[in-house]
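Report on the following structure.
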Amino acid sequence: MAQYRPQEELGELFTDVQEGAVFTDSKTFVDAIPRYPVKEILKKYRERQDDSNFDLAAFVNENFIIPSQPSLNESDTFPPIVEHIEELWGELVRVDTPSAGSLIELPHPYIVPGGRFNEMYYWDSYFTMLGLQVSGRNTLIRQMVENFAWLIKEYGFIPNGTRTYYLSRSQPPFFSLMVGLLAEVEGDSVYTEFLPHLLQEYRFWMEGTHELGPQQKAFKRVVLLENGSVLNRYWDNKDIPRPEAYKEDVATAELANQQPSLTYRNLRAAAESGWDFSSRWLGNGLTLSSIQTTDIIPVDLNSLLYQLELTIAKAYALQENDEKSKEFVVYAVNRKNALLEYCWSPEADFFMDYNFTSRQPTGVYSLAGMYPLFFELAQEQQAMKVAGIIEEYFLYPGGLPSTLTLTGQQWDAPNGWAPLQWISYVGLLNYGYTDLAETIKERWLETVENEYQESGKLLEKYNVIYPEVAGGGGEYPTQDGFGWTNGVYLQMVKDQP
């Protein structure tokens, strides 16, 4: 199992390469594989770096195997889109072999998102699995669930992605939904099989609950609220620049009006959210340097943890352990009540994140507000108001943007993302808003199909406000492949006439 950690082991060489922008993408260097023992490389660097003719880029190429982005098959003629996705599964599947790099080697095959994302990612994988289910690739679904279970057993949680530099944070906890998906294929025994892993993930998110009190309102991922409820926030165990975005994080911290370590923690916590980055996390709603992720109770995270609690309760019930099952039902009911109290905004007629330091909703309209409908947490009246807001403000020619704010961040308008179209679509169906759900589905499918007919690519994100313009923003170019777009597309078209 790889344990190479570039930021910690390469010292000043790491800093010099990242700050010197030897690569246009900071992720390239942390994914590079040392050709020689790291201590040897570092010794050579210290001996040679002051030479008048020293070339840092050449030194890096001489001492590291630089990853190349896998190129997907490209031609001027494109097969039907479903046929193309079926072919893509074969190109996006990976089987790990031992390496000296930062990759965490997994025991079973898995699907990667695509492009620069050449390892297994946590929340991406659930939406990818939706497509694998339609494709009948049930063995691969099981193998990926077993990979995630292995990660929980090995590290105590599921990291953001399978790289050593992601081991200080997780991502939105979709493991319980993956278990549910596998149970649809194999039966309810799956719930009891993975109960130990579901419990371990729950303990990770709830760590420190017993530390909370009048003097300690927040600890890691748990927060004590005014009414005595405990809800969760995103966090990261480190407060230094992300290795895979080093120069970007340093630049952001230099603009911030707070301690650099606070900015780094908040940037990392936003990366745990999967929404890196979005106006959801910004103090002034516009600039990244105002980021305050750790002050915020996210509506999506707590909806997911409600689902985790119910899944654990179901698994215990299947074991006929009624006492433990009831215990987790109580946890879920308490969380639901707290979420409805703190994350429903009567003024906005929408579910919003709650800033527990200012004791008020953030005021940011985002599709995270659809999670209570997806998990059927919302009251009928609330769902009606949410549907009205979606139809009036979010519905655009290409689908739904993540938020209504233009910031230049990739998880804001005008971008639409496959997972959020799916959450919104299913959420509206759950409450009977079938026409609106179908409209969203049709517009999203058309967006994906039009881009595919134009370029032969399935993209990570799309511009849904002006679908003829490419999606963009954020720290890196739009990637193609793309796992979760493929998965959601196949799920949405499977029932089409």
Side-chain angles (χ1 to χ4, degrees), residues 1-4 27 30-31 33 67-72 85-99 101-167 169-186 190 193-194 197-198 200-201 244 274 418-419 458 460 479-491:
M1 182 176 62
Q3 286 302 322
Y4 165 61
K27 190 176 187 297
V30 289
D31 291 354
I33 300 171
S68 57
Q69 276 200 14
S71 59
L72 301 167
I85 292 172
E86 294 295 346
E87 290 172 4
L88 275 178
W89 293 141
E91 296 192 37
L92 295 172
V93 74
R94 299 288 181 270
V95 180
D96 286 342
T97 54
S99 85
S102 59
L103 188 70
I104 296 169
E105 296 144 26
L106 294 171
H108 305 292
Y110 56 91
I111 298 285
V112 300
R116 78 200 280 267
F117 302 111
N118 201 28
E119 49 279 312
M120 189 173 76
Y121 281 82
Y122 184 2
W123 79 308
D124 292 65
S125 293
Y126 171 69
F127 299 96
T128 300
M129 287 177 191
L130 292 175
L132 293 174
Q133 184 187 39
V134 176
S135 297
R137 295 177 184 250
N138 297 333
T139 301
L140 196 47
I141 294 174
R142 168 160 276 281
Q143 288 169 326
M144 290 176 72
V145 172
E146 287 184 0
N147 280 335
F148 284 116
W150 179 87
L151 286 164
I152 290 171
K153 192 174 177 186
E154 194 70 26
Y155 296 105
F157 73 107
I158 296 172
N160 182 149
T162 52
R163 293 278 177 183
T164 56
Y165 52 79
Y166 288 141
L167 284 172
R169 63 174 178 270
S170 187
Q171 262 195 339
F174 273 87
F175 182 66
S176 66
L177 282 86
M178 297 177 192
V179 170
L181 193 66
L182 186 60
E184 287 177 27
V185 175
E186 297 185 2
V190 169
E193 178 186 354
F194 291 103
H197 308 91
L198 292 163
Q200 197 163 357
E201 177 169 59
E244 75 282 8
L458 289 133
E460 175 194 25
Q479 304 294 300
D480 72 309
F482 196 86
W484 61 20
T485 301
N486 307 346
V488 168
Y489 182 88
L490 288 183
Q491 274 287 342

Looking at [X] and [Y], would you say the former's side chain and the latter's main chain have a donor-acceptor pair under 3.5 Å?
X: S102; Y: T164; answer: no
X: N147; Y: H108; answer: yes
X: D96; Y: P109; answer: no
X: S135; Y: R137; answer: no

**OP:** Tell me, please, which residues at least two apart from E184 pass salt bridge (charged side-chain N to carboxylate O under 4.0 Å, His left out).
**Re:** none

At what distance, to the nearest 0.5 angstrom, does [atom1] of [X] lie from [atom2] of [Y]?
X: I85; Y: Y489; atom1: CD1; atom2: OH; answer: 6.5 Å
X: E146; Y: I141; atom1: CD; atom2: CD1; answer: 12.5 Å
X: S170; Y: I152; atom1: OG; atom2: CD1; answer: 8.5 Å
X: L132; Y: Y126; atom1: CG; atom2: OH; answer: 12.0 Å
X: S125; Y: L181; atom1: OG; atom2: CG; answer: 11.5 Å
X: M178; Y: L198; atom1: CE; atom2: CG; answer: 11.5 Å

Between the side chains of [X] and [Y], is a donor N or O closer than 3.5 angstrom to an acceptor N or O?
X: Y121; Y: E119; answer: yes
X: N160; Y: Y165; answer: no
X: T485; Y: E460; answer: no

Original post:
For L167 and I104, what are the C-alpha separation, side-chain angles and deciding distance, and is it a side-chain contact (heavy atoms from CB on, under 4.5 Å)?
Top reply: CA-CA 10 Å; L167 284 172; I104 296 169; 3.9 Å; yes

**OP:** Any salt bridge (charged side-chain N to carboxylate O under 4.0 Å, His left out) involving residues 172-182? Give me the pairs, sequence neighbours left out, ordered by first then second residue.
**Re:** none

Please report the closest heavy-atom contact between [X] and [Y], naming both atoms and the distance.
X: L92; Y: G481; answer: CD1-O, 4.0 Å
X: Y166; Y: P159; answer: O-CB, 3.7 Å
X: G274; Y: P172; answer: N-CD, 4.1 Å
X: P113; Y: D124; answer: CG-OD2, 3.7 Å
X: L151; Y: M120; answer: CD1-CE, 4.0 Å
X: W89; Y: G131; answer: CZ2-C, 3.8 Å

**OP:** Before giving the answer on side-chain contact (heavy atoms from CB on, under 4.5 Å), spell out for V488 and F127 the whole-Å C-alpha distance, their side-chain angles and the decisive distance to 0.1 Å.
**Re:** CA-CA 6 Å; V488 168; F127 299 96; 4.1 Å; yes

Going by heavy atoms in the side chains, are [X] and [Y] under 4.5 Å from each other?
X: E201; Y: F157; value: no
X: L182; Y: R142; value: yes
X: L458; Y: L88; value: yes
X: L103; Y: R163; value: yes

Subject >> Aromatic ring pairing F194/H197, orientation class (parallel under 30°, perpendicular over 60°, tilted between) >> reply: tilted

**OP:** Please work out which of the three classes, parallel, tilted or perpendicular, describes the rings of F174 and W123, given edges at 30° and 60°.
**Re:** tilted

Original post:
Could R169 and E244 be called an ion pair, given the rule that one side-chain N must be under 4.0 Å from one carboxylate O?
Top reply: yes

Subject >> Test: R94 and E105 ion pair at under 4.0 Å >> reply: no

Subject >> Option among V145, L177, I111 that satisfies the side-chain contact (heavy atoms from CB on, under 4.5 Å) test with M129 >> reply: V145

**OP:** With ring pair (Phe, Tyr, Trp, His ring centres under 6.0 Å) as the test, would you mind laying out the steps for Y122 and F148 before giving the verdict?
**Re:** CA-CA 8 Å; Y122 184 2; F148 284 116; 5.6 Å; yes

